[in-house]
Amino acid sequence: MALPQFNTGLGEVTIRHLSKTFTLNGQPLPILKDLNLTIRSGESLAIVGASGSGKTTLLRILAGLEEADSGDVLIDGRRIRGVGTERAVIFQEPRLLPWLTVIDNIGFGLETRGVSREESHLVSQRYVDLVGLKGFETAYPRQLSGGMAQRVGIARALAVQPEILLLDEPLGALDAMTKISMQQELARIWKEEDVTTVLVTHDLEEAIFLADRILILPREKGGEPLLINIDLPRPRDRSASGFVRQREELLGLFGLH
Ligand SMILES: Nc1ncnc2c1ncn2[C@@H]1O[C@H](COP(=O)(O)OP(=O)(O)OP(=O)(O)O)[C@@H](O)[C@H]1O
Ligand SMILES: [Mg+2]
């Protein structure tokens, strides 16, 4: 049986003259200032920057959960208005439905789109396998570890076949060992799924491990964002000299060594 096709675009994201200012205690708090960037179809972009630099704000604007003051976000040349099925968002905590099993959590989005239960199970099984949860299909969220729950969240997001996956510190709450194995899995999954991804992280090593390019949001208001190409071969090796050099360079940009 063919998988249901919801999205047929390429998932290219164009950000044009995007600006956002919040108001805090009656004072304007500029967060994003005339940001311009094209995220290529299938590219993985990491967004890093100090706490409060606007990473989540930018991701929420791309998701359509927040409005910019000015500027546009276009997907495959079309201006976005609010949320859309071609985009899926993964937050730090997976927000699973506690009364549904793993496979039903993964298939939830499909069923709300009118896919039959039988077909949804077939599709969901593929994503159960992809995220390495074979054998846990009938488990409930309370029976899963943090890393497993996050995998279900990733599988649920991928099951509806988004063109663009938006992730806000998806591995931030995991312990160091689980985090490294999840990073390896994400690298593998992204290679297989060919989805455009935007990953917010405060972990520079994670950004270098996963991203084609890294957008560094400025710490000081009025500073310019930086865009860095990560031209390291894949699969990436954290101990390779190129990786270590890249990490040093990035730490240097943050004034951390
Ligand atoms: N709804 C809001 N109203 C007012 N100010 C806001 C609002 N949302 C975010 N801000 C402010 O915008 C700035 C950027 O917030 P944002 O959540 O985008 O930062 P971040 O880079 O994701 O930080 P962190 O690494 O801590 O998650 C912060 O100074 C925050 O106080
Ligand atoms: Mg944030």
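As a basis for the values below, the full set of heavy atoms in this structure was taken, side chains included, without hydrogen atoms, waters or symmetry mates. Since the model is a prediction, treat every value here as computed from it, not as a measurement. Start at 1 and go down the list; that is how both ligands and their atoms are numbered.
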No-hydrogen, no-angle side-chain donor-acceptor test under 3.5 Å, R238 and Q183 = yes

N/O/S atom of T57 inside 2.8 Å of the Mg ion (ligand 2), strictly under | no

Residues E185 and R188 bridged, charged N to O under 4.0 Å | yes

Could you tell me whether the side chain of L58 reaches within less than 4.5 Å of the side chain of L18, counting heavy atoms only?
-> yes

List the atom of L253, the atom of I228, and the distance in Å for their closest heavy-atom pair.
-> CD1-CD1, 3.3 Å

Please assess D104 against R117 for the test salt bridge (charged side-chain N to carboxylate O under 4.0 Å, His left out), listing each intermediate value before the final yes or no.
-> CA-CA 9 Å; D104 286 336; R117 194 174 163 78; 3.5 Å; yes

How far is atom 26 (O) of ligand 1 from its nearest protein heavy atom, and which residue and atom is that?
-> S51 OG, 2.6 Å

Test item: Q143 side-chain N/O and Y140 main-chain N/O as donor-acceptor pair under 3.5 Å | yes

Which atoms from ligand 1 have a heavy atom of G54 less than 4.0 Å away?
-> 14 (C), 18 (O), 19 (O), 20 (P), 21 (O)

Closest protein heavy atom to atom 3 (N) of ligand 1, given as residue, atom name and distance to 0.1 Å | F22 CD2, 3.5 Å

Pick, from L59, T56, V200, the option with the minimum heavy-atom distance to atom 17 (O) of ligand 1.
-> T56

Has ligand 1 got any nitrogen or oxygen that is less than 3.5 angstrom from a nitrogen or oxygen of T23?
-> no

Counting heavy atoms only, name the option from K55, K20, E66 that's nearest to atom 21 (O) of ligand 1.
-> K55

Determine whether any heavy atom of G49 lies closer than 4.0 Å to an atom of ligand 1.
-> no

List the steps, then state whether salt bridge (charged side-chain N to carboxylate O under 4.0 Å, His left out) holds for R40 with D212.
-> CA-CA 10 Å; R40 296 181 294 263; D212 298 317; 5.6 Å; no

shortest atom 16 (P) of ligand 1-to-protein heavy-atom contact is with T57 OG1, 3.6 Å

for atom 23 (O) of ligand 1, nearest protein heavy atom and its distance come out as G52 N, 2.8 Å

Ion pair check, R126 and E193, cut-off under 4.0 Å = yes

Atom 14 (C) of ligand 1 within contact range, any protein heavy atom under 4.0 Å | yes

Under 3.5 Å between some N or O of ligand 1 and some N or O of L29?
-> no

ILVMFWY network linking V83 to L59, side-chain heavy atoms under 4.5 angstrom | yes

Is the closest N or O pair between I31 and ligand 1 shorter than 3.5 Å?
-> no

Report, in ascending order of atom number, the atoms of ligand 1 lying under 4.0 Å from any heavy atom of A50.
-> 21 (O)

